[in-house]
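Counting starts at 1 for both ligands and their atoms, following the listed order.
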Amino acid sequence: MIINGEAMVTPAVLEAMAGTKDERLREVTAALVRHLHAFIREVRPSEEEWEFGVDFLGRIGQANSPTHNEGVLFSDAVGVSTLVCLLNNGADGATETAAALLGPFWRDNSPAVEDGGSIVRGPTPGPKLFANCQVLSGGKPVAGARVDVWHSSPEGVYENQDPDMADMNLRGRFTTDAEGRFRFTSVKPAGYPVPTDGPTGDLLRAQGRHPFRPAHLHFLAYKPGLKTLITQVFVDDDEHLESDVVFGVTQALVGGYVRGEGPAPDGSEGEWWSLDYTFHMEPGDSRLPVPPIQ
Ligand code: BEZ
Ligand code: FE
């Protein structure tokens with residue numbers, strides 16, 4: 001088709017793509033073109049602005065590395081990750097625990113830890129945390145599920161962001177017992193700023209937004225036959241609960257972190273906290289996500 005004016009561009013592109021054999025790919029790419037062209041008609045970018053936008057997308061790709069995923073970060077910061085997550089998972093907790101975004105920091109190879117073990121693998125100052133968790137499905141215990149736990153330090157950094165932290169610090173893989181329970185010892189996570197040294201940080205600054213996530217623990221529960229549960233349990237007194245930079249907080253995921261009194265369960269002195277949390281899984285697809293980093 002010879003293009004005779006801007007109105008012909010969208011139908012020409014849709015026609016050119018109409019022979020896409022894969023039905024879902026045809027649907028998705030046609031919708032992408034329709035919405036992208038509508039966006040351009042609404043915004044009417046100057047050529048300079050369009051060059052800036054294309055360069056911005058390029059910089060997102062260039063900022064990716066084996067230990068950093070800027071693409072996931074950008075998707076998170078504009079709310080798309082949470083939207084995809086809530087469209088695909090029950091958000092009200094009726095039959096399954098509400099899901100929350102995976103984030104850019106999950107690693108698929110965290111070491112197995114025995115029930116009740118510690119995931120602190122090197123010096124990590126901060127209050128201790130004792131977590132008692134249970135996984136149920138339809139009210140019954142889920143035995144033998146794999147549960148990955150990962151979280152930031154009391155200083156608000158993940159081990160992959162800090163060369164001084166032990167490899168795999170504050171990460172562990174548990175297997176639920178016959179009652180669906182798993183327990184672990186760690187340190188209480190702190191809230192943290194998402195990385196702001198890339199294009200996503202430029203965007204947040206331009207929008208006058210703070211970069212903080214409220215403190216949380218990440219969980220990924222996996223068992224064949226059950227829908228993989230990816231979620232986070234937030235610390236209830238965090239100042240950024242209502243303004244999470246990546247829109248990940250839903251009410252059901254605010255945990256009851258209780259400050260302990262007297263000696264800790266392991267006999268140690270000093271500030272300590274406990275968390276009891278029950279996860280609910282439902283039958284379904286037990287897919288594991290692609291790890292955002294190695
Ligand atoms: C996280 O919770 O680990 C996370 C989520 C989105 C952006 C950055 C970090
Ligand atoms: Fe996190």
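- Taking the charged nitrogens against the carboxylate oxygens, R59 and E70 have no contact shorter than 4.0 Å, which rules out a salt bridge.
- The CG atom of D148 sits 8.0 Å away from atom CG of L288, with the distance rounded to the nearest 0.5 Å.
- Taking the six-membered ring for Trp and thresholds of 30 and 60 degrees, H218 and W150 have nearly parallel ring planes, at less than 30 degrees apart.
- Residues that satisfy the side-chain contact (heavy atoms from CB on, under 4.5 Å) test with T67, not counting sequence neighbours, are S65.
- Excluding waters, the set of protein N, O or S atoms lying under 2.8 Å from the Fe ion (ligand 2) comprises Y158 OH, Y192 OH, H216 NE2, H218 NE2.
- Classification of R181 and D276 as a salt-bridged pair fails, no side-chain N sitting under 4.0 Å from a carboxylate O.
- Protein residues with a heavy atom closer than 4.0 Å to ligand 1 are L73, D76, G103, P104, F105, Y158, Y192, V194, R213, H216, H218, V246, listed by chain and number.
- For S81, the side-chain hydrogen bond (donor to acceptor under 3.5 Å, both in side chains) partners are S75, D76, not counting sequence neighbours.
- If you take OH on Y277 and OG1 on T231, they are separated by 6.0 Å, rounding to the nearest 0.5 Å.
- Salt bridge present: R24 and E27 bring a charged side-chain N and a carboxylate O closer than 4.0 Å.
- For the residue pair S152/R213, the side-chain donor-acceptor check at 3.5 Å is not satisfied.
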